[in-house]
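The next block holds one structure in the form of structure tokens; read it before the comments.
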Amino acid sequence: MTSPIRFLMCAPDHYDVDYVINPWMEGNIHKSSRDRAVEQWHKLYNILKQHAIVDLVTPQIGWPDMVFTANAGLVLGENVVLSRFLHKERQGEEPFFKTWFEENGYTVHLLPKDLPFEGAGDALLDREGRWLWAGYGFRSELDSHPYLAKWLDIEVLSLRLTDERFYHLDTCFCPLANGYLLYYPGAFDAYSNRLIEMRVAPEKRIAITEPDAVNFACNAVNVDSIVIMNKASNALKASLTDAGFRVIETPLTEFLKAGGAAKCLTLRVTEPIDINIHANVSVESRIIRLEGHLLDSGVINQALDLIVDGGGSFQVMKFSLGEQRQSTSAAEVKVSAPSHEVMEEIISGLIDLGAVDLPQDERDAKLVPVVQAGVAPDDFYVSTIYPTEVRINGEWIKVQNQRMDGAIAITQTANGLVAQCKILRNLEVGDRVVVDVQGIRSIRKNESREQRHAQEFTFMSSGVSSERRVELVVEQVAWELRKIRDAGGKVVVTAGPVVIHTGGGEHLARLIREGYVQALLGGNAIAVHDMEQNMMGTSLGVDMKRGVAVRGGHRHHLKVINTIRRYGSIAKAVAAGVIPSGVMYECITNNVPFSLAGSIRDDGPLPDTQMNLIKAQEEYAQLIQGAEMVLMLSSMLHSIGVGNMTPAGVKMVCVDINPAVVTKLSDRGSVESVGVVTDVGLFLSLLIQQLDKLTSPYVASVG
Ligand code: ARG
């Protein structure tokens, strides 16, 4: 029986694994048996011939992968988009396929040079003809998709492949008759999986497991109700049978060694056109410009990684390299993304890196008014720690109160338009909020190597052992503390109770007494444990001198809280002489402001603890203003809170025994933050010693 369906195949006369261009070929060079390959190929050919017409293209010496005709091009009706192979190993196949298509009456479309697209291996029609699924990520470039939409006049849905074993879309994705889809979800990124789920109803999706996927079960040829593949598990066969398909297995192990199976060995050349369907492609492109010490600072790599990791693709249009060490470079990069949503995500990351539009593409920021107090419009731009400007009526205006995770609100004041970062709850009806990612830029100084080394916490350089690193951090922090104090600057400390448990209390107290600290931020616990230690000699009931638990000691901290409550505040208790020394004592006696933010687990709390968290956030924000350095001592919650409120340019030092906390806080980049994983008590004691060294008068030893 034959049907008008036609396929194109190419006999394996010259088939072999000659090179490695996908993970399946690794270790398989010249390991496939020609005889077995020929036998397996003929079996497939014979099966297919029972269900369709099979045309043949002449195999060519020197082009071993030509058997994989799926990669010849993409056919729809009379039109063919010829493949442009990514790897030179296969580029020589192009003219032979082109000739075959032309001789058989197709109109052949040629993609621009250097724009890879690997034909039906990466582009699969929905079997109802409703749209085209197109893959990218390994072989075909996302930018080829708009051409497919244009030439074939069909909607293109772009799917990003993320597992290199499934480098072509047809290795993990197979649309079947009646709207079914056989696929391996693990091969796609989250966004693509969501797209698939939006287009294909759950009862039509046949998701396969990894063992079936690595047997190339998705690399199947579907003609009406039959599905031909290398191999399928019983479970998979059962689900296909339930869906009304008949599975025909035919071993293709020799071709698996080159990374292909049934579908790769065939190209369907009769693909009917649905006249009601028209082009539609959501692929968006935008050109951004980066300037500065792009190579020195690693910004260009960061930018390109960000684009690809975010699900987009890029093309570097121009790159002018600064030749001298002090001269800057400039790059123009075309960014493409499969949808506006993905584009927004990528562009916001690029804005953080300092990317700007080309002058001719500059637009005003998009503004949407707030209609419900405390609620931003959907799609609002989320602010970052970097100095930002927004373009309004053709003018760039600087955003005030820069902080992370806010919205940018524009308000009309007597002195003109004001742009400022506002946290959600502070948005007022009538504020206009920046949405989308248009007309926004952030000012990043991509410093040269020299500048960076002059300012950076230079010990960040890798290759420093962790003990030596602690010493180096201590030296540098001591130096900064002294500089800031002598210049009348501001240092803010956030501290957790661990400071007290590890014996760091007396050192922190000294820092405060000697004028190195201008504000203290913490919670109920640090204050309680500090006062417990200074009033009763224990910390959470443990004797701080001997390190042993004191009988009944666990109640000490409640007694302390109770006492302070009786006096009405820490200040009044200090005034009454109840607290003789310690961190809180020094804050009170030296007029160093503090804020204690409450939490659900607080005992008491102390009268000074701010249990209204919104108020506490406000107090924190106020105390941080104008800080040049924030020293974060073992308090994940308070430190992260502070990190979010603090604009770029403030030095941060985070000390914690838990590496995760340190990493979280030091991803602002090495110029502004440094993390040390160590015991905070030890850190403070070293810091005090170092400050003593720096401040003791120089005594010349005369010999
Ligand atoms: N060795 C070939 C390559 O890496 C295999 C192609 C498989 N074809 C396919 N449509 N998946 O290009």
Side-chain angles (χ1 to χ4, degrees), residues 447-496 498-499 502-520 583 586 592 627-635 639 642-643 646 648-659 661-701:
E447 267 121 3
S448 70
R449 223 174 265 280
E450 285 79 7
Q451 285 166 322
R452 227 164 358 121
H453 283 178
Q455 297 176 12
E456 192 174 340
F457 289 121
T458 32
F459 43 74
M460 284 303 287
S461 52
S462 50
V464 177
S465 76
S466 59
E467 295 93 87
R468 179 69 189 129
R469 207 179 129 88
V470 173
E471 283 171 35
L472 289 170
V473 176
V474 164
E475 278 168 31
Q476 190 130 3
V477 171
W479 176 251
E480 296 276 345
L481 282 177
R482 214 193 79 156
K483 246 187 1 192
I484 298 174
R485 183 190 68 172
D486 294 354
K490 181 167 183 180
V491 172
V492 175
V493 171
T494 67
V498 177
V499 169
T502 55
E506 55 175 304
H507 307 306
L508 179 55
R510 227 184 109 183
L511 288 179
I512 299 169
R513 183 163 65 242
E514 295 183 359
Y516 292 108
V517 179
Q518 280 65 46
L520 177 71
V583 173
E586 298 296 350
V592 170
E628 279 153 77
M629 176 150 131
V630 183
L631 204 52
M632 302 172 155
L633 306 174
S634 288
S635 170
S639 301
V642 167
T646 312
V650 179
K651 289 197 165 142
M652 289 196 178
V653 180
C654 173
V655 186
D656 206 296
I657 198 80
N658 178 355
V661 176
V662 171
T663 325
K664 171 116 183 79
L665 279 152
S666 45
D667 56 11
R668 294 182 152 221
S670 62
V671 179
E672 16 218 61
S673 73
V674 59
V676 220
V677 177
T678 191
D679 176 273
V680 68
L682 175 71
F683 175 86
L684 285 169
S685 121
L686 293 172
L687 185 62
I688 288 291
Q689 282 174 33
Q690 183 63 23
L691 280 167
D692 280 344
K693 247 198 258 169
L694 284 180
T695 45
S696 60
Y698 178 71
V699 188
S701 55

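Computed from a predicted structure; not experimentally measured.
Expressed to the nearest 0.5 Å, how far CZ of Arg482 lies from CD of Gln690 amounts to 10.5 Å. The CE atom of Met629 sits 5.5 Å away from atom CD1 of Ile484, with the distance rounded to the nearest 0.5 Å. Note that the OG1 atom of Thr502 and the CZ atom of Phe683 stand 12.0 Å from one another [nearest 0.5 Å]. If you take NZ on Lys651 and CD on Gln476, they are separated by 7.0 Å, rounding to the nearest 0.5 Å. With values rounded to the nearest 0.5 angstrom, Ile512 atom CD1 is found 10.5 Å from Gln518 atom CD.
Minimum interatomic distance between Val677 and Ile657 (heavy atoms only, all atoms of both residues): CG1-O, 3.5 Å. Among all heavy-atom pairs drawn from Val583 and Gly505, the shortest one is CG2-O, 3.5 Å. Between Leu682 and Asp679 the shortest heavy-atom distance is N-OD1, 2.9 Å. Closest approach of Val630 to Val642, counting heavy atoms only: CG1-CG1, 3.9 Å. Between Val492 and Ala627, the shortest heavy-atom contact is CG2-CB, 3.7 Å. When every heavy atom of Ser635 is checked against every heavy atom of Gly496, the shortest pair comes out as CB-N, 3.5 Å.
Proximity of Glu480 to Val477: side-chain heavy atoms (C-beta onward) are nowhere separated by under 4.5 Å. The side-chain heavy atoms of Leu687 and His507, taken from C-beta on, include no pair separated by under 4.5 Å. Within the 4.5 Å cutoff, side-chain heavy atoms of Leu691 are placed close to those of Leu481. Taking the side chain as every heavy atom from C-beta outward, Arg485 and Glu514 approach each other to under 4.5 Å. At a threshold of 4.5 Å between non-hydrogen side-chain atoms, the residues Leu684 and Leu511 count as touching.
With Leu508 as the partner, the side-chain contact (heavy atoms from CB on, under 4.5 Å) test is satisfied by one option alone out of Val680, Ile688, Val493, Leu631: Val493.
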Worksheet item: Does the side-chain contact (heavy atoms from CB on, under 4.5 Å) test come out yes or no for Glu586 and Val592, once each step is laid out?
Response: CA-CA 8 Å; Glu586 298 296 350; Val592 170; over 6 Å; no
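Judged by distance alone, the side chains of Thr494 and Ser639 do bring a donor and an acceptor atom under 3.5 Å apart.
Applying the side-chain hydrogen bond (donor to acceptor under 3.5 Å, both in side chains) criterion to Ser634, with sequence neighbours excluded, gives no partner residue.
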